[in-house]
Visitor: 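After the structure tokens below, expect a handful of questions from me.
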Amino acid sequence: MNQKNAQYNLKDKIAIVTGSAGGIGKAIAANLAANGAAVVISDVQVEKGQKTAQELGGNAIFVPCDVSDCEQVWSLVSTTVDRLGRLDVMVNNAGINSSRPEDRVTFDRYPDETWRKMIDVDLNGTFYCCKAAAQVMLEQKSGSIINISSVAGVVALRLQIGFVAAKAAILKITEAMACELGPKGLRINAVSPGSTLTEGTRKLFYGESGSFQEQAERVVSFIPQGRPGEAEEIADAVTFLASDAASYINGHNIVVDGGWTCGFNRDF
Ligand SMILES: NC(=O)c1ccc[n+]([C@@H]2O[C@H](COP(=O)([O-])OP(=O)(O)OC[C@H]3O[C@@H](n4cnc5c(N)ncnc54)[C@H](O)[C@@H]3O)[C@@H](O)[C@H]2O)c1
């Protein structure tokens, strides 16, 4: 937990974070809990998710859910309301990408199966979660939904067409939902991480024996701040959006990328 993160009052708030067994989702859940929220850890990885909930202590429970299955999503939201009474914050963080060489190809050769999987988990999963959460929040006339997109949704990255499509669509549906639900007391925003340190990216990119270590060095050379982000730095933006400090922010996307996508970080 980042000691320097701002303190917000999320006391009595109930939050769900999808894909929070590890990585950025776990940092978000820990940050929300540290700011007073009761948090539902949710993930397809059951043992790891249970362990994370235990680590966070009394303010966290685990509810399993595959976000690409809309029945499981309804069950996640109804279980949360049954057990904790309401739903104030829905963080749609669960997501997949692929680093398999056969998936890192130009769009004309991009496997249909990878496209379908990416859309299913990253985009459909976000849609199902937003819809189920909104039903409860509309009754309450309040709630904050935060969708985790990516820099790939802001500027197109090569060789990741499924991921780019899903993450860009997440940003547009965030805006559409903000327009539709804003008048009814809900706020819907997005956070777009840049290259962020997690167990996964440490192993693949940033570790000493990472198979994409060269690529990681290239990526960092494009980032004005000259380093990857910490998961806690993404979590800080999410907690801010979840809190009343962001009470007039609706339909916005906070890009947390050290400046990677704000301009062309090269001299001519
Ligand atoms: N790490 C980065 O550099 C980075 C950059 C941009 C965007 N993001 C986004 O941030 C989010 C979290 O990424 P991360 O790096 O922590 O990834 P991660 O792989 O470390 O964690 C993702 C979690 O989601 C879970 N998950 C996968 N499929 C699921 C499903 N169908 N239903 C429920 N849970 C599922 C996984 O079990 C895992 O615990 C993702 O949406 C990702 O696209 C990450």
Side-chain angles (χ1 to χ4, degrees), residues 2 5-10 13-20 24-25 27-29 31-32 35 37 39 67 87-95 122-123 125-134 136-138 140-157 163-196 223-225 229-263:
N2 183 359
N5 71 323
Q7 297 294 305
Y8 299 103
N9 184 7
L10 297 183
K13 302 271 189 209
I14 310 297
I16 296 175
V17 184
T18 66
S20 52
I24 293 174
I28 294 170
N31 199 309
L32 292 170
N35 281 278
V39 182
V67 296
L87 176 60
D88 302 291
V89 179
M90 180 82 198
V91 184
N92 298 315
N93 164 80
D122 292 2
L123 179 56
T126 300
F127 171 72
Y128 300 143
C129 289
C130 286
K131 194 171 167 186
V136 175
M137 292 174 176
L138 282 168
Q140 296 171 178
K141 299 188 174 52
S142 72
S144 172
I145 298 175
I146 297 134
N147 294 323
I148 306 303
S149 177
S150 164
V151 286
V154 180
V155 294
L157 300 185
F163 190 66
V164 165
K167 293 299 191 179
I170 286 173
L171 294 179
K172 273 298 154 209
I173 66 170
T174 298
E175 291 170 357
M177 290 185 293
C179 292
E180 291 180 5
L181 305 182
K184 299 178 175 165
L186 275 62
R187 294 186 297 108
I188 298 89
N189 291 291
V191 170
S192 292
S195 193
T196 309
I223 301 173
Q225 286 185 237
E230 299 283 344
E232 287 74 15
E233 292 175 309
I234 311 301
D236 281 339
V238 173
T239 300
F240 165 66
L241 286 173
S243 77
D244 290 345
S247 55
Y248 199 52
I249 300 181
N250 186 30
H252 194 66
N253 174 34
I254 300 186
V255 181
V256 187
D257 70 348
W260 184 9
T261 56
C262 75

Visitor: Who pairs with A132 by side-chain contact (heavy atoms from CB on, under 4.5 Å), at least two apart in sequence or on another chain?
Guide: V73, W74, V77
Visitor: Here's a test for you: under side chain to side chain contact (heavy atoms under 4.5 Å, CB included), which of N92, L171, I254 qualifies with S149?
Guide: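 For S149, the side chain to side chain contact (heavy atoms under 4.5 Å, CB included) test succeeds with only one of N92, L171, I254, which is L171.
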Visitor: Go through the structure and list residues passing side-chain contact (heavy atoms from CB on, under 4.5 Å) with S20, not counting sequence neighbours.
Guide: V17, A29, I41
Visitor: Could you check whether any side-chain N or O of N189 sits under 3.5 Å from a backbone N or O of I146, counting only pairs where one atom can act as donor and the other as acceptor?
Guide: no
Visitor: So, for A190 and L241, which heavy atoms are closest and what is the spacing to 0.1 Å?
Guide: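 Heavy atoms of A190 and L241 come nearest at O-CD1, 3.9 Å.
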Visitor: For residues 169-181, pull every pair meeting side chain to side chain donor-acceptor pair (under 3.5 Å), keeping only residues two or more places apart or in separate chains.
Guide: N147-T174, K172-E175
Visitor: Could you give the distance from CD1 (I145) to NZ (K131), rounded to the nearest 0.5 Å?
Guide: 13.0 Å
Visitor: Sequence neighbours left out, what passes side chain to side chain donor-acceptor pair (under 3.5 Å) with S192? Give chain and number order.
Guide: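 If we apply the side chain to side chain donor-acceptor pair (under 3.5 Å) test to S192, skipping adjacent residues, the hits are N253.
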Visitor: Return yes if some donor-acceptor pair links the side-chain N/O of E233 with the main-chain N/O of V256 below 3.5 Å, else return no.
Guide: no
Visitor: Report the residues that fulfil side chain to side chain donor-acceptor pair (under 3.5 Å) with N9, sequence neighbours left out, ordered by chain and then residue number.
Guide: none
Visitor: The criterion is side chain to side chain donor-acceptor pair (under 3.5 Å); which residues satisfy it with S243, sequence neighbours excluded?
Guide: none
Visitor: Kindly say whether N93 contributes a backbone atom to a donor-acceptor pair with the side chain of T18 at under 3.5 angstrom?
Guide: yes
Visitor: Test of understanding: with side chain to side chain donor-acceptor pair (under 3.5 Å), list the residues that count as partners of N250, not counting sequence neighbours.
Guide: none
Visitor: Test: salt bridge (charged side-chain N to carboxylate O under 4.0 Å, His left out). Region: residues 242-252. Which pairs qualify, not counting sequence neighbours?
Guide: none
Visitor: Any idea which heavy atoms bring F163 and S150 closest together, and the distance?
Guide: CE2-OG, 3.6 Å
Visitor: Judged by atom type as modelled, is there a donor-acceptor pair below 3.5 Å linking the side chain of N35 to the main-chain atoms of N31?
Guide: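 Present.
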Visitor: Rounded to the nearest 0.5 Å, how far does CD of E230 lie from CD1 of I24?
Guide: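 The CD1 atom of I24 sits 11.0 Å away from the CD atom of E230.
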Visitor: For A37, give me all partners under side-chain contact (heavy atoms from CB on, under 4.5 Å), at least two apart in sequence or on another chain.
Guide: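 side-chain contact (heavy atoms from CB on, under 4.5 Å) list for A37, sorted by chain: L10, K13, L32, V39.
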Visitor: Kindly write out the residues that satisfy side-chain contact (heavy atoms from CB on, under 4.5 Å) with A166, not counting sequence neighbours, or none if the list is empty.
Guide: I119, D122, L123
